[in-house]
There are 2 protein chains.
Amino acid sequence: MAQKPSIPKGTRDFGQVEMARRNYIFDTIKGVFSLYGFQQIETPAMENIGTLMGKYGEEGDKLLFRIQNSGEKAALAPEKGLRYDLTVPFARYVVQHREEISFPFKRFQIQPVWRADRPQKGRYREFYQCDVDVIGSDSLVGELELIQIVEEVYRRLGINVCLHINNRKILAGIAEVIGAPDKIVDITVAIDKLDKIGVEAVNDELRERGLSDEAVAALQPILNQESGIKNQDKMAQLREFLKNSEIGLKGVEEMEEVFELVESQKSKDRSAQSQFSIELDLCLARGLNYYTGAIFEVKALDAQIGSITGGGRYDNLTGIFGLPNVSGVGISFGADRIYDVLTELNLFPESLQSTTQVLFATFGKDELRYALTWAKELRANGIAVEVYPEPTKMKKQMGYADDKKIPYVAIVGGDEMAQNKVMLKEMSTGEQQLVTPDELLSAIKN
Amino acid sequence: MAQKPSIPKGTRDFGQVEMARRNYIFDTIKGVFSLYGFQQIETPAMENIGTLMGKYGEEGDKLLFRIQNSGEKAALAPEKGLRYDLTVPFARYVVQHREEISFPFKRFQIQPVWRADRPQKGRYREFYQCDVDVIGSDSLVGELELIQIVEEVYRRLGINVCLHINNRKILAGIAEVIGAPDKIVDITVAIDKLDKIGVEAVNDELRERGLSDEAVAALQPILNQESGIKNQDKMAQLREFLKNSEIGLKGVEEMEEVFELVESQKSKDRSAQSQFSIELDLCLARGLNYYTGAIFEVKALDAQIGSITGGGRYDNLTGIFGLPNVSGVGISFGADRIYDVLTELNLFPESLQSTTQVLFATFGKDELRYALTWAKELRANGIAVEVYPEPTKMKKQMGYADDKKIPYVAIVGGDEMAQNKVMLKEMSTGEQQLVTPDELLSAIKN
């Protein structure tokens, strides 16, 4: 009885082309992480339900995939759920293994997460996260290195980006200065929409959220700050605006030090393969309750896709598991969105299309043996080779090379064997030439 | 309220050392797969429960982890379960995507699987499988390439192995010849124990399983075949034994062709970094109901750990999903066991211990900036570098380098800065020397 095969809603199969592209993204990111001494860890797909519950808000709790216990003692076993993100398992990991870890702990983690969200375009129930964090140090060198990592990853991928930066302390200072320190969440939720709905609508929303007319009026210099002006000028305006707020000035200082560090480490002779800029963005407020210092968000300049990387500094990641006051800073690369940007801008390298460089096509049993021997030699030289496994019609073997986008086909017939040569066909041009093993090797290597 | 953090029974965290080692294993295997044109795919962690149920026997059904549906429409949503192996999802994948696939389809897949087994030493509820298959061709070139892959993977890992090989058709022929064609399962289950319990106990078990005295007597030449003799001699004995069984002789022919192909492709000048041998093993019967031709199992010679790789040929993988008669051959590498063998034999390369090659240790804010600039230059040359993020006690910074097994520490004080040099300490010897940027670069590169 045949079943019609399908996969659960919101999940995906990745075929070889998608995998090659995804691996290209992950390998690029991992290569940069490694240059900065970040090391990979992995945690289990399942966590005890107590580890996950209450960490993502009420909405989040509902989106957890729970695992049914099976077997006789099912009722007694602790409940489990699938990983919802990499942050909570990481916090759990740090606390559980704190005796083995040398701090500052620089780790990265690339694993799938699962959410019982309603599937829709670009939103999946299973997707990869790619997180990098340094914890156990409040040095702003952490912020610097993450900014450098962002710049280098997108330089290597060829994507022009702008890194938006803000600071939670500045937002707290603003709320304090306008006389609404308890309204920081309302303020940030509203000004987060500034780009989309404009100043007047933001002001309306602020009033609806209970801000006084005086507070709204006091906020106007922030809302009307021009986006085109230099970060230094924005900083000067902010310093003036926040002059009576201790926390606000602390935020300004942190931000200035980060800018200054980045500036001091800027490459002078860097070839401009891609654009990279940093913009102070007071409307940036992602994950506010979680972040305590810098907040980052990266946008691709040439694609309308929203944030492709984001993160910030937090001071109490591990407190929920009993280890308070561990400061850290981290960012997360959005692999699916990066994939979409690279696709839209046609930036995947052509070399990803095929891993195999030569296909041997044969027309008889002896030729097949002969081809296998050549293939072995080429593989010993690091060349990826396939031998079509049975002598069959030329058309079929050529079709296979076409489908797999294999750039060369080495055709072996009786004549070629007699001369200890093969007929090498370059698939893109159709050109053919009779070559010796050495000639084949150098043709492929070029 | 602090929760004591832990993970579900039978699951594991992998720290940076374990991850580096696991990645070494997977990267080695992937590197070899790629040389033969195998390409990676991934399937979702969850499959519809109908895809999984009934595929692993009654016992297997009980070991499936099921996912609870959540949300309002939970009762209506199709049930889901976690992947139990990579074979069934692969079969589902091939049928679902058959229009996009060009056959023969050479794929590999490295992903975790989940089983609600009772956890015990060496048995986990979450573990990785690493499968490689070629399907859509019954050419024995498939068997040859998998054998070559096994040889090359273990050569690269430095593990001495013996590849045991058998053929389901030979087993069927033996059952036929001794007059018990319907008892093939009983016969193979019993002779599978020959090594452990000896000939007499096997004979007892065969009789208990309903074989006649005549059948047991007829089987003795097989049970008493010496293990020390050459494969060719075993084959000659088998050919005589099976002379009246058509299927048995077909198996002998397949086996001979595989041996002959392997022999014809044997490297003459291969440096013997590790031992590799192939042994015809009539007691090998793994997954019998599933395999239809060759059966493989690989054992490490210097470790008592059982099979570290296994597989075989199957003729109807995709039949359960409505695509009959697709022949394929595949093997699975046991990553956890390979890890244990490499650990036991101390075969992991030392270079895996640290990704970072230099740590910069500093004693003031200016020195920190200076170190950051040097670090940037080294990274631009592909060297993995860390800068200790705050100027603190020498002992703490050195301790960090020790913990992370970083081979070099570059110490930056005022004197060094004044000379545009750093004091480079080689951690293994304790030797120190004052070096320029160029000297540092060449010291690290050597």
Side-chain angles (χ1 to χ4, degrees), chain A residues 2-3 5-8 11-16 19 34-35 37 39-48 50-51 62 65-68 70-71 80 92-93 95-97 100 102 104 112 116 126 137 139 141-142 264-265 321-322 355-356 369 372-373 376 379 384 386-387 389-390 400 403-404, chain B residues 2-3 5-8 11-16 19 34-35 37 39-48 50-51 62 65-68 70-71 80 92-93 95-97 100 102 104 112 116 126 137 139 141-142 264-265 321-322 355-356 369 372-373 376 379 384 386-387 389-390 400 403-404:
Chain A
Q3 304 166 329
S6 66
I7 50 177
T11 69
R12 290 167 289 175
D13 283 326
F14 296 115
Q16 57 266 42
M19 278 305 295
S34 298
L35 284 179
Q39 292 180 310
Q40 191 169 13
I41 69 162
E42 282 189 3
T43 62
M46 308 172 183
E47 294 277 352
N48 291 322
T51 301
K62 284 187 204 150
F65 276 113
R66 285 155 177 268
I67 311 280
Q68 273 174 22
S70 57
K80 294 176 283 287
R92 192 266 310 146
Y93 179 95
V95 177
Q96 191 175 331
H97 300 278
E100 310 141 37
S102 44
E126 173 180 67
S137 159
S139 163
V141 169
S264 77
Q265 299 302 323
F321 297 114
T355 52
T356 302
R369 297 284 168 101
L372 287 168
T373 307
K376 196 163 60 77
R379 290 183 187 125
E386 290 186 60
V387 177
E390 43 223 316
Y400 180 83
D403 285 347
K404 285 190 84 171
Chain B
Q3 303 167 327
S6 67
I7 50 176
T11 69
R12 290 167 290 176
D13 283 327
F14 296 116
Q16 58 265 43
M19 278 306 294
S34 298
L35 284 180
Q39 293 180 309
Q40 191 169 15
I41 69 160
E42 283 189 3
T43 62
M46 310 172 183
E47 294 277 352
N48 291 323
T51 302
K62 284 187 203 150
F65 276 113
R66 285 155 178 268
I67 311 279
Q68 274 173 22
S70 57
K80 294 177 283 290
R92 191 267 310 146
Y93 179 94
V95 178
Q96 192 175 329
H97 299 278
E100 308 142 36
S102 44
E126 173 180 67
S137 158
S139 163
V141 169
S264 78
Q265 298 302 322
F321 298 113
T355 52
T356 302
R369 297 285 168 99
L372 287 168
T373 307
K376 197 164 58 78
R379 289 183 188 125
E386 290 186 60
V387 177
E390 42 224 319
Y400 180 83
D403 286 347
K404 286 189 84 170

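To find a chain, count down the sequence lines: A is the first, B the second, and so on, and within it residues start at 1.
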Using non-hydrogen atoms and a 4.5 Å limit, figure out which bit of Arg379(B) sits close to chain A: side chain, backbone, both or neither. both
How about Ser137(A) and Glu390(B): does a side-chain donor come under 3.5 Å of a side-chain acceptor? yes
Main-chain N/O of Thr373(A) paired to Gln265(B) side chain as donor or acceptor, under 3.5 Å: yes
Just give me the residue among Arg369(B), Arg12(B), Glu47(B), Lys404(B) that pairs up with chain A most often, heavy atom to heavy atom, under 4.5 Å. Arg369(B)
From Thr11(A) OG1 over to Met46(B) CE, what is the distance, rounded to the nearest 0.5 angstrom? 8.0 Å
Quick check for you: among Thr355(B), Val387(B), Val141(B), Thr356(B), which has the greatest number of heavy-atom pairs under 4.5 Å with chain A? Val141(B)
List the atom of Tyr400(B), the atom of Ser102(A), and the distance in Å for their closest heavy-atom pair. CE1-O, 4.0 Å
Quick check: does any side chain N or O of Lys80(B) sit under 3.5 Å from a backbone N or O of Ile7(A), one acting as donor and the other as acceptor? no
Taking Gln68(A) for the side chain and Phe65(B) for the main chain, is one N or O donor matched with an acceptor at less than 3.5 Å? no
Over all atoms of both residues, closest heavy-atom pair of Arg92(A) and Pro5(B): CG-CB, 3.6 Å
Within this structure, what is the CG-CD distance for the pair Asp13(B) and Glu100(A), rounded to the nearest 0.5 Å? 9.0 Å
Select one option (side chain, backbone, both, neither) describing which atoms of Gln96(B) are under 4.5 Å from chain A's heavy atoms. both
Just give me the residue among Ser6(A), Gly15(A), Ser34(A) that pairs up with chain B most often, heavy atom to heavy atom, under 4.5 Å. Ser6(A)
Please classify the contact between Pro112(B) and chain A as side chain, backbone, both or neither, with a heavy-atom cut-off of under 4.5 Å. neither
Closest non-hydrogen atoms of Pro389(B) and Pro104(A), given as atom of the first, atom of the second and distance, are CG-CG, 3.7 Å
Any idea which of Ile41(A), Thr43(A), Ile67(A), Asn48(A) has the most non-hydrogen atom pairs under 4.5 angstrom with chain B? Asn48(A)
Check whether Glu42(B) reaches the backbone of Phe14(A) with its side chain - one donor and one acceptor, N or O, closer than 3.5 Å. no
